[in-house]
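Here is the structure we will look at.
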Number of protein chains: 2
Amino acid sequence: MKLLEVIKSLSNQTRLDILTWLKDPFAYFAAEELDDYKPSLGVCVSDIAKKAKMSIPTVSVYLKNMAAADLLVATRKDQWTYYKRNEAAIQQLASLIKDSL
Amino acid sequence: MKLLEVIKSLSNQTRLDILTWLKDPFAYFAAEELDDYKPSLGVCVSDIAKKAKMSIPTVSVYLKNMAAADLLVATRKDQWTYYKRNEAAIQQLASLIKDSL
DNA sequence: TAGGTATTTAGGTAAATGCCTAAATTTGTG
DNA sequence: CACAAATTTAGGCATTTACCTAAATACCTA
């Protein structure tokens, strides 16, 4: 785990929020958008952009960045890209801070 | 704890390094500089700047910033400002990431 | 008060980040 | 293939961050 890369990818309020939203999609996204929500896939880019009230390209890049830092996992299915949290990486970050920072 | 503020203050390699150095000063600073090292105070600004190979003003601002984020504790004594880690805050950050992020 | 050491504050430039719109690409469908 | 929907890539402007040097301040001691 590249600590600096991970931390940088968390150093923005919107990106922190996205992690929170993806932790419990039903609590944060409109029901219509979760009609066929699958935990194994996550939520697609445009739904996240809508929730963030930001442009799709901006959010697309954020998500890609967070996936590169391994905080999210991307799955392309048909024309959608779904993102979900990488819980193991988040726990690994917590341990790294706890024990090695 | 203001998560974003804390994370921003960690999103720079030098600032991460400083935390590591202060975790075990004897392992990282020259012995001469630790002649009268006291764990309750920490290490002074110019010794940290020297170790970082950066200008004193730059490091002074970094340290102040990290203290504002509560990651470090500053103590002014005579003409020196000493900084040490705030272990409790670092552990709090780890738990926050583990349980709430 | 004068002079010295340590630190902080100011001010400036270069690079990185935040976010947007427009254009290009990917993938499904008639 | 042509067209639509979702996403990504490109390009651009504004703000923030990374650093520096110079100047100001704090605090010592003679």
Side-chain angles (χ1 to χ4, degrees), chain A residues 2 4-19 22 29-30 32-38 41-69 71-84, chain B residues 2 4-19 22 29-30 32-38 41-69 71-84:
Chain A
K2 292 178 188 162
L4 182 59
E5 181 187 17
V6 172
I7 288 179
K8 281 193 170 190
S9 118
L10 290 174
S11 63
N12 170 289
Q13 189 62 58
T14 302
R15 292 191 301 254
L16 282 177
D17 289 343
I18 289 171
L19 272 187
L22 292 179
F29 294 88
E32 317 87 79
E33 282 148 7
L34 296 175
D35 269 350
D36 40 83
Y37 170 72
K38 292 198 181 68
L41 291 177
V43 181
C44 73
V45 176
S46 36
D47 288 348
I48 298 172
K50 185 174 185 186
K51 173 69 187 168
K53 294 177 180 151
M54 292 181 68
S55 75
I56 290 175
T58 295
V59 172
S60 170
V61 172
Y62 280 178
L63 294 168
K64 190 171 182 163
N65 169 326
M66 292 167 84
L71 287 166
L72 295 180
V73 176
T75 309
R76 178 93 192 197
K77 181 160 192 286
D78 297 343
Q79 66 265 65
W80 296 278
T81 304
Y82 296 92
Y83 283 91
K84 66 173 174 180
Chain B
K2 293 176 187 164
L4 182 59
E5 181 188 16
V6 172
I7 287 180
K8 280 193 171 190
S9 121
L10 289 175
S11 64
N12 168 290
Q13 189 62 58
T14 301
R15 293 192 299 253
L16 282 178
D17 289 344
I18 290 170
L19 272 187
L22 292 179
F29 294 88
E32 317 86 81
E33 283 149 8
L34 296 175
D35 269 350
D36 41 84
Y37 170 71
K38 291 198 182 67
L41 292 178
V43 180
C44 73
V45 176
S46 37
D47 288 347
I48 298 173
K50 185 173 183 185
K51 172 69 189 168
K53 293 178 181 153
M54 291 182 72
S55 77
I56 289 175
T58 296
V59 171
S60 172
V61 172
Y62 280 177
L63 294 168
K64 190 171 181 161
N65 169 325
M66 293 168 83
L71 288 166
L72 296 179
V73 176
T75 308
R76 179 91 190 199
K77 183 162 192 285
D78 298 342
Q79 66 264 65
W80 296 278
T81 304
Y82 295 92
Y83 284 92
K84 66 173 174 181

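Chain identifiers are assigned alphabetically (A, B, ...) following the order of the sequence lines, protein sequences preceding nucleic acid strands; residue numbering begins at 1 within each chain. Everything numeric in this text was worked out from a predicted model, so none of it was measured.
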*Check whether any side-chain nitrogen or oxygen of A/Lys64 sits under 4.0 Å from OP1 or OP2 of D/dT8, and answer yes or no.*
no
*Of all the choices, C/dT9, C/dT7, C/dG28, which nucleotide is nearest to the side chain of A/Gln79 once you look at every atom?*
C/dG28
*Check whether any side-chain heavy atom of A/Ile7 lies under 4.5 Å from a side-chain heavy atom of B/Leu16, and answer yes or no.*
yes
*State, yes or no, whether a side-chain contact exists between A/Tyr62 and A/Met54 at a heavy-atom distance under 4.5 Å.*
yes
*Between A/Lys50 and A/Glu33, is there a salt bridge with N-O shorter than 4.0 Å?*
yes
_Whole-Å gap separating C1' (C/dT29) and CG (A/Asp78)_ = 12 Å
_Below 4.0 Å: OP1/OP2 of C/dA6 and any side-chain N or O of B/Ser46_ = no
*Which residue lies toward the 5' end of DNA chain D, A/Pro57 or A/Trp80, if each is placed at its nearest nucleotide?*
A/Trp80
*Rounded to the nearest angstrom, tell me the gap between atom CG in B/Asn65 and atom P in C/dT7.*
18 Å
*Which of the following nucleotides, D/dC19, D/dT8, C/dG18, is nearest to the side chain of A/Ile56?*
D/dT8
*Which residue, A/Leu19, A/Val6, A/Val73, forms the side chain to side chain contact (heavy atoms under 4.5 Å, CB included) with A/Met66?*
A/Leu19
*Check the distance between D/dT21's P and B/Met54's CE and give it to me in whole angstrom.*
11 Å
*Do any side-chain nitrogens or oxygens of A/Arg15 fall under 4.0 Å of OP1 or OP2 in C/dG18?*
yes
*asked:* Just N and O in the side chain of A/Ser60: are any of them under 4.0 Å from OP1 or OP2 of D/dT7?
replied: no
*Determine: side-chain N/O of A/Thr81 to OP1/OP2 of D/dT7, distance under 4.0 Å, yes or no.*
no
*Rounded to whole angstrom units, what separation is found between the OH atom of B/Tyr82 and the P atom of C/dT8?*
12 Å
*Expressed in angstrom and rounded to an integer, what is the separation of B/Asp47 atom CG from C/dT5 atom C1'?*
13 Å
*asked:* In this structure, how many angstroms lie between the P atom of D/dC19 and the CG atom of B/Asp17, rounded?
replied: 11 Å
*Please tell me if the side chains of B/Trp80 and B/Thr75 come closer than 4.5 Å, counting only heavy atoms from C-beta onward.*
no
_Spacing between B/Lys77 atom NZ and C/dT5 atom C1', to the nearest angstrom_ = 15 Å
*Examine D/dC19: is either OP1 or OP2 under 4.0 Å from a nitrogen or oxygen in the side chain of B/Tyr62? Give yes or no.*
yes
*Return no unless some side-chain N or O of A/Asn12 is found under 4.0 Å from OP1 or OP2 of C/dT17.*
no
*CE of A/Met66 versus C1' of C/dG18: gap in Å, rounded?*
15 Å
*asked:* Both A/Arg76 and A/Thr14 contact DNA chain C. Which one's nearest nucleotide lies toward the 5' end?
replied: A/Thr14
*asked:* With a 4.0 Å cutoff (strictly under), does any side-chain N or O of A/Ser55 reach OP1 or OP2 of C/dC20?
replied: yes
